[in-house]
Amino acid sequence: FSLLSMLICPICCESAKDCNMEALGCGHLVCSSCIQRLLSNTDIILCPYCKESTAKQSVRRVFITSVDADSICDIIFSFFRSWSIGLGAL
């Protein structure tokens, strides 16, 4: 299981392991191909998730490696594991 395989573009559904991702101003990720298609007609992009607008110059390339994603996944699982143990004490 890899978190990298769970990060997908909300427009074309490509996995981050198969394409480059870019972050919009709101922090949501979209693949570079979809960003380029969207920016071909305008300088403002609406996030497909939250509809927040992002100017062309605010879009940032995100470099994600499988090591980063697996580390993030471990942190998330550890958090939920400790959180669920804490709930047992209530």
Side-chain angles (χ1 to χ4, degrees):
F1 171 78
S2 172
L3 182 62
L4 191 58
S5 63
M6 292 178 58
L7 296 174
I8 62 167
C9 174
I11 297 171
C12 68
C13 298
E14 285 292 322
S15 170
K17 70 178 184 175
D18 299 324
C19 63
N20 296 318
M21 301 298 278
E22 303 208 19
L24 301 177
C26 58
H28 289 119
L29 301 176
V30 177
C31 80
S32 296
S33 298
C34 288
I35 290 287
Q36 295 309 312
R37 275 195 301 274
L38 293 171
L39 288 174
S40 67
N41 298 325
T42 182
D43 289 338
I44 302 289
I45 297 175
L46 289 180
C47 174
Y49 287 114
C50 67
K51 306 302 183 212
E52 183 177 317
S53 61
T54 299
K56 181 179 187 173
Q57 62 271 18
S58 297
V59 176
R60 299 287 180 248
R61 173 71 52 94
V62 176
F63 295 96
I64 304 171
T65 66
S66 59
V67 173
D68 294 336
D70 289 340
S71 297
I72 292 168
C73 191
D74 289 341
I75 291 167
I76 292 170
F77 284 136
S78 295
F79 169 77
F80 282 113
R81 192 173 324 123
S82 63
W83 183 71
S84 64
I85 291 169
L87 284 180
L90 294 177

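Residues take their numbers from the sequence shown, with the count starting at 1.
- Looking only at side-chain heavy atoms (C-beta outward), S33 and C12 stay at 4.5 Å or farther from each other.
- We find the CD1-CE distance between I35 and M21 to be 9.0 Å, quoted to the nearest 0.5 Å.
- Annotation: salt bridge (charged side-chain N to carboxylate O under 4.0 Å, His left out) contacts involving residues 49-61, sequence neighbours excluded, comprise E22-R61.
- Pairs engaging residues 24-36 under the salt bridge (charged side-chain N to carboxylate O under 4.0 Å, His left out) rule: none recorded [sequence neighbours left out].
- Taking every heavy atom of both residues into account, C26 and T54 meet most closely at N-OG1, 4.2 Å.
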Can you give the donor-acceptor pairs under 3.5 Å from side chains of residues 37-50 to other protein atoms, not counting sequence neighbours?
from: S40; atom 1: OG; to: R37; atom 2: O; distance (Å): 2.7
from: T42; atom 1: OG1; to: I44; atom 2: N; distance (Å): 3.2

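- No side-chain heavy atom of L24 sits less than 4.5 Å from a side-chain heavy atom of S58.
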